[in-house]
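Written out below as structure tokens is the structure these notes cover.
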Amino acid sequence: MHGVRRARQSKEALEVKRRKEQSKLRDYLALTDDVLTRKKRNEWSREALHATTQLLQINPEFYTVWNYRRRILINGVFPESTPEQIKDLLTDDLSLTMEALKIHPKVPGISDDGDPRGWEKELWNQELFVVEKLLDADPRNFHAWSYRRLVLESMPVPKLETSDLAYTTRKIESNFSNFSAWHQRSKVLSSLWSQEFDLVHNAMYTDPKDQSVWIYHRWLIGSGDSRDILEREIAIIQSLLEEESDSKWCMESLVHYKRLLLRNHASSVVTSTLTQDCIQLLHQLRKVDPGRRERYHEIASELMSS
Amino acid sequence: MDNAGIFDVIVIGTGLTESITAAAFAKAGFKVAHLDENVYYGGDEASLSFEEYINWAIHAKDSTQFSSISLSSSDALPNSRQYSISLSPSVIPAAGPLISSLVASGVSRYGGFRLVEQVAVYSNHEVKTVPGSKEDIFKDKTISLLDKRRLMRFLVFASGDEDFEARTELEGAKADMPFVEFLKTTFSLDQEMAETITYALSHCVSPSDKALSALRRLRRYLRSAGRYGHSPFLIGQYGSSGEIAQGFCRTAAVAGCVYILGKEISSITRNRNFDESQSTPTYTLTLSDFPETITCDLIVSSESRFPAGLLGNTGDILRIPPAFPAAGGEIPFTIARGVCIIDQPLSFVSRQESSSSEEGDGQESRPTLDTGIFVFPPSSLSTGAASSAVTVLVVGEGTMSVPKGKWILYLSTSINTAVSPEQLLKPYLDMTLSLSSSTDTSIIPLFTSFYLQTTSPSSYTTSSTKSSLNTSSRPDHSFGSSLPTILLSPAPPNSPLPDSGDAAAVNAEAVFWEAVKALKSIKASKKLRKTLEDQVPPTVIRDEEEEEEEEELVEIESFWPPVVNEEDDEE
């Protein structure tokens, strides 16, 4: 655990401990033997399940046993149980996992156990609750954060991004020395950012004449540092122009963004094509928006001379 | 006998059209009597309590309007009086002739109105909410970007002010093209979007509905959106159609109209002697179980209610042609209807849509609705046989026509071959209930009933031809029988859903003006007779005549006189 110092112990205490561990070891080995034998037999009984539970409580890192347990659940226990019983079983399974995570929080094998629960959608909410409980206890456990992301992705009804953002804010406020919380934040904000573009596209296509939409879009693009975003947006606006061939805003925005490409990413684009496109668009603009034809003319001249 | 039983006009039948007409007559100052053989208002558009409905179902077998009536049971439901089941349910566009009449006549103050919350369409075996505005389209996550653009372009076109015929998009024979085809070819919309627009936005009935008429109708609805709220349609509380008819009757009564319900007309006598010694009224009616006879100069009646057998000579009957532009030019004559009562809420928002909404934090319940319209495009349901669109109107407790926790589903579709309404509509009912159940449990109806409603074309021949409708051919002061004295108001079209109310209002106004013309002529000829009898020096009388005639002309400038505050009775 973070920040907890290792305690020193006396010789006698050490001896007592050693003997305890010996007996524990013996029990453990016997149990292991039992479970592995059952496994070889492909036994799917409840007893087998119980045995694996015991074993895993002691040693959660035993990957093969987790797998065996999963197979027991799928092949032996679930086909013979009512949905109620299955739910109870999985809830117990959850608590086992939770316990396991508490004691050995960094074991990857436990996180993978999300699989058999994948088809019990009600339990995803429980999973989220569990992992968030764990994060309350240990906010810097990146395995738990990763598992939490998995849970959020697997949920049939996706949780709102803004509430996720609020969650990260709370964790950061309680202790901002938390790589995982900041990381999760960056993921959420990126996703929100693309949603912003989606929203603007909907408005653009619903009413291409509305000026406010185009101005906001221009702000979203910003100084055009991302070539991918520029190219993606140019393609989308191009499609709209094909539908609305006399849309002044489409043409004007295309010219602006293509110029950004030329300015910021000249080394990775075909400059001649882009320049040609702009000049053609400016030509059309002079007809569609005659009030600003001198401006378009000037821009075209700039492009041709550069 | 004094003037108690003498009226200017008698109106037969308290359907919506006739009720509007009666109210207009009364407010214009005419003496009116309004009759209906039923003990309730509304005639074929009445709204009935649950027990009244059962009664109606049992007795209506004798009527010519309704047939093939089936009931799932005749046992009374709890709170049966809190139900107001409409025989002819409809919705009211927020901008249109009916709303204008409701407001101008003051009838809108008698009851409340609810906005229809949602319209949905059956598409790809699912319920899909129909976007009706730019905001809806923007938010809809199921439409692709390109489709949003095309849909918006079409809606901007459809709500434009110019005459559609002048637009380039309708050049050539496009005006007569079926609307669905027009949308696909001229606006590059896919089949699903074209059907949604045709059947769930424009409320067309059949795949052959033509582009021009559909566009005009769609424009009316688009203009209704936003007037009182997001949706273009309103529903009258306490039972829509029947309640509104009753409202007009109430305002007529306040203006002096006399109401006689529950009495059949046993005879109508036409007084043929234009005896110069008497100024006699033209018709005398006797009613069964009613001591007095009533007389009038003019009869106005719905076609279906007019007791034709009682009057031999049909020379003076004028059938007023419908003044409301019909869907695609044809009025469907027979409608198959279904009524279903359930006790669980429905939701038109699909699971997919609701889970990606703002409340998506694990909730799986779908938002439920109080009132809504669900449309099945023609031939969209593999187990269903309807070749016209099937409309399901859902009304909940907000409409005050059902008890708390209950909903009524009204199904309707127009048919042109004889078919059992139950067999035809049941698959649609089942699909609606299974798709829109807001929980995972299936919904079992508490009660269902099906019937056919027929608007029979007029079987009367008239001696007055259409030319008599021109103002130029006003009869002079002769005593000849070129004057129509019996006017038959056109039956309302039963579909599409939002049009029957507006049609009733427009037709009522047409009848009103025709009647006013007739009544003025009658009054004028009576005065002339009177001057001759009294042998008073003509000069004096002529002045009086002119004054009185002028008064009458000035009185009836508009369909509704300005609403006076003192007419406000208890609210």
Side-chain angles (χ1 to χ4, degrees), chain A residues 83 120-129 132 151-167 191-192 194-210 212-214 216-217 232-233 235-247 249-250, chain B residues 129-160 168-169 183-190 193 197 222 225-226 347 349-367 438-440:
Chain A
E120 272 285 2
K121 58 179 178 174
E122 295 136 26
L123 290 185
W124 283 117
N125 286 325
Q126 281 194 33
E127 281 292 324
L128 188 66
F129 179 73
E132 288 187 350
V151 169
L152 288 175
E153 268 163 46
S154 316
M155 284 179 125
V157 179
K159 195 166 186 250
L160 259 192
E161 235 107 12
T162 44
S163 75
D164 199 15
L165 199 64
Y167 183 78
S191 166
L192 281 176
S194 349
Q195 279 180 23
E196 246 350 66
F197 273 105
D198 282 338
L199 193 67
V200 173
H201 294 156
N202 272 289
M204 231 184 242
Y205 273 74
T206 302
D207 188 1
K209 293 203 177 75
D210 192 314
S212 61
V213 177
W214 294 100
Y216 186 64
H217 189 263
R232 182 192 75 201
E233 294 301 305
I236 289 174
I237 299 174
Q238 190 68 49
S239 305
L240 181 54
L241 184 59
E242 274 157 39
E243 268 301 300
E244 291 285 313
S245 49
D246 54 359
S247 164
W249 277 107
C250 284
Chain B
T129 48
V130 173
S133 64
K134 187 166 149 182
E135 293 70 33
D136 286 344
I137 294 174
F138 172 58
K139 283 193 294 198
D140 194 321
K141 294 191 175 33
T142 61
I143 309 178
S144 74
L145 288 179
L146 214 53
D147 282 340
K148 287 191 190 198
R149 188 65 228 118
R150 292 177 178 166
L151 180 55
M152 272 304 299
R153 192 186 306 129
F154 170 69
L155 287 180
V156 167
F157 167 78
S159 46
T168 51
E169 285 88 346
L183 292 170
K184 288 185 346 192
T185 54
T186 314
F187 288 91
S188 314
L189 294 163
D190 64 21
M193 192 62 75
I197 294 172
L222 290 173
S347 171
V349 177
S350 68
R351 268 173 238 284
Q352 196 193 18
E353 285 173 85
S354 69
S355 65
S356 55
S357 73
E358 279 167 33
E359 277 83 355
D361 55 353
Q363 272 185 36
E364 289 198 35
S365 60
R366 299 153 70 181
S438 55
T439 55
D440 282 321

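Chain A is the first sequence line, chain B the second, and so forth, proteins listed ahead of strands; every chain is numbered from 1.
- Under the 4.5 Å side-chain criterion, counting only non-hydrogen atoms from C-beta, A/V213 is not in contact with A/D207.
- With sequence neighbours left out, B/K148 forms a side-chain contact (heavy atoms from CB on, under 4.5 Å) with A/N202, A/T206, B/I137, B/I143.
- With respect to the salt-bridge test (charged N to carboxylate O, under 4.0 angstrom), the residues B/R153 and A/E244 qualify.
- Contacts between A/D198 and chain B at a heavy-atom distance below 4.5 Å are absent for every atom of the residue.
- Judged as a side-chain hydrogen bond (donor to acceptor under 3.5 Å, both in side chains), and not counting sequence neighbours, the contacts of B/S144 are B/D147.
- Annotation: salt bridge (charged side-chain N to carboxylate O under 4.0 Å, His left out) contacts of A/D164 (sequence neighbours excluded): A/R148.
- Cation-pi contact between A/R232 and A/F197: present, with separation from the ring centre below 6.0 Å and deviation from the ring axis of at most 45°.
- By a heavy-atom distance cut of under 4.5 Å, A/L240, A/E243 are the residues of residues 235-243 of chain A near chain B, going up by number.
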